[in-house]
Trainee: 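Sharing a structure below in structure tokens format, with a few things to ask.
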Number of protein chains: 2
Amino acid sequence: MGPKLSISVDPKGDSTPSEQLASQVRFAIASGVLAPGERLPSVRQLAVDALVNPNTVGKVWRELEREGVLETRPGDGVFVASGALSRCRAARDLELSERLRVWLADARRAGLSSDQVTELFERLARARSVTQRTGGQR
Amino acid sequence: MGPKLSISVDPKGDSTPSEQLASQVRFAIASGVLAPGERLPSVRQLAVDALVNPNTVGKVWRELEREGVLETRPGDGVFVASGALSRCRAARDLELSERLRVWLADARRAGLSSDQVTELFERLARARSVTQRTGGQR
DNA sequence: GGAGCTGTCCTATCGTGCTAGGACGGCGCC
DNA sequence: GGCGCCGTCCTAGCACGATAGGACAGCTCC
């Protein structure tokens, strides 16, 4: 079933390729797709797969190491750090909360009532839980 | 009570100043803060208030005119077009739906269950409807 | 007519982030 | 030892958007 980690980057997406990469790795760890101790794709390999520059991947690997999420073994590769799971869950909760908070603020500024907001949410949440995967990853 | 339209731009925000500007104007119209026929701040005035370049404001004014949201009267100023309300409501619903859709997709990719998603939403929605205005506009 | 405002247009510059391509030292395996 | 892969580093270049500053024509009011 292909690679354990499937990462795709949209160069014209809302956020920068680096951020998309970092976020996807954190999410993969938080969801258990990537377990501590596991090895990540090499900088050059992922660069080919995700159609980004090796420098970009390397930069993200280094950034995530600073966060304590990844662990680099010189000459070998990068691996998921042991304490990564809790860190990534925390980061995930923080990021998702903040994004939802911003969305709610915008929705209210745009004139939607609490009821309209709730209704919209329930409609989309329900649609998603039924359809399962609809594509469109960020 | 100050200017009718209060617009603030965060140069380091998630989206570009142009997009923030355009979105805020559309939202203001959709919510009724800005009514059809009303006049918008001048390019130079808003540039000062929102701390952006006059060129940036002018670019947005022109873009919104192409959308049929604004109407420019040469030598006079720009005004909210007559059909702007419905257009902006449609644009608002589309934008908010799409953003929420992306958020839901990311939340699921990050390993949150439907219940966790719902719980998170209800917690934040409730907090906001109580606190009223918490600032942080995008 | 003249002053003061309006939006528009033009060229140049700057900042940021990704891209391109090459070079280095470290480690595993034969 | 030698080969291949690993992450890292360095210098250039490009793309995009915002910025800076000036110049123009149109409208309004005195």
Trainee: Quick check: do F27(A) and V33(A) have side-chain heavy atoms less than 4.5 Å from each other?
Mentor: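 No, their side chains stay 4.5 Å or more apart.
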Trainee: Hey, does the side chain of K59(B) come within less than 4.0 Å of dA18(D)'s phosphate (OP1/OP2), counting only N and O?
Mentor: yes
Trainee: Could you say whether R44(B) or P54(B) is positioned toward the 5' end of DNA chain D, judged by the nucleotide with the nearest heavy atom to each?
Mentor: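 Upstream on the strand: P54(B).
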Trainee: Is there a path of hydrophobic side-chain contacts, each under 4.5 Å between heavy atoms of I/L/V/M/F/W/Y residues, joining F79(A) to I29(A)?
Mentor: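 No, it is not one cluster - the side chains of I29(A) and F79(A) are not joined through contacts under 4.5 Å.
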Trainee: To the nearest Å, give me how far apart CG (L40(A)) and P (dC6(D)) are.
Mentor: 12 Å
Trainee: Any side-chain N or O of T56(A) below 4.0 angstrom from OP1/OP2 of dG17(C)?
Mentor: no
Trainee: Has the side chain of R73(A) got a donor or acceptor atom sitting under 3.5 Å from an opposite partner on the base of dG7(D)?
Mentor: no
Trainee: Mind checking R62(B) for me? I need base, sugar-phosphate or nothing, with any heavy atom below 4.0 Å counting as a touch.
Mentor: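 Contact class for R62(B): sugar-phosphate only.
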Trainee: Does dT6(C) have its OP1 or OP2 closer than 4.0 Å to a side-chain nitrogen or oxygen of S42(B)?
Mentor: yes
Trainee: I need the CG-C1' distance between L64(A) and dG7(D), as an integer number of Å.
Mentor: 14 Å
Trainee: In whole angstrom, what separates W61(A)'s CH2 from dC6(D)'s P?
Mentor: 12 Å
Trainee: OP1 or OP2 of dC16(D) sitting under 4.0 Å from any side-chain N/O of T16(B)?
Mentor: no
Trainee: For D14(B) and dT16(C), what is the distance between atoms CG and C1' respectively, to the nearest whole Å?
Mentor: 16 Å
Trainee: Is the count of non-hydrogen atoms from other residues, nucleotides or ligands lying under 6.0 Å from E67(B) atom CD greater than 12?
Mentor: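 Counting other residues, nucleotides and ligands, CD of E67(B) exceeds 12 neighbours.
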Trainee: Return the 5'-most residue of the pair K12(B), P11(A) with respect to DNA chain C, ranking by each residue's nearest nucleotide.
Mentor: K12(B)
Trainee: By the 4.0 Å heavy-atom rule, please label N53(A) as base, sugar-phosphate, or nothing.
Mentor: base
Trainee: Give a yes-or-no answer on whether the side chains of R108(B) and S114(B) include a donor-acceptor pair shorter than 3.5 Å.
Mentor: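 There is such a pair (donor and acceptor under 3.5 Å, judged by atom type) between the side chains of R108(B) and S114(B).
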Trainee: Counting distance alone, no hydrogens or angles: does the base of dC9(C) have a donor or acceptor under 3.5 Å from a partner atom on the side chain of N55(B)?
Mentor: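 Donor-acceptor pair under 3.5 Å: yes.
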Trainee: Does S18(B) place a side-chain N or O at less than 4.0 Å from the phosphate oxygens OP1/OP2 of dA18(D)?
Mentor: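 For S18(B), the contact criterion (side-chain N or O under 4.0 Å from OP1 or OP2 of dA18(D)) is met.
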Trainee: Provide, to the nearest angstrom, the distance between the CG atom belonging to D10(A) and the P atom belonging to dG17(C).
Mentor: 18 Å
Trainee: Should K59(B) and E63(B) count as an ion pair when the cut-off is N to O under 4.0 Å?
Mentor: no
Trainee: In whole angstrom, give the distance that lies between atom CD of E63(A) and atom C1' of dT8(D).
Mentor: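 My rounded result for the distance is 16 Å.
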Trainee: Round to a whole Å and report the spacing from CG of L21(A) to C1' of dG7(D).
Mentor: 15 Å
Trainee: Starting from P on dC27(D), measure out to CZ on R39(B) and report it in whole angstrom.
Mentor: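 After rounding, the reported distance stands at 15 Å.
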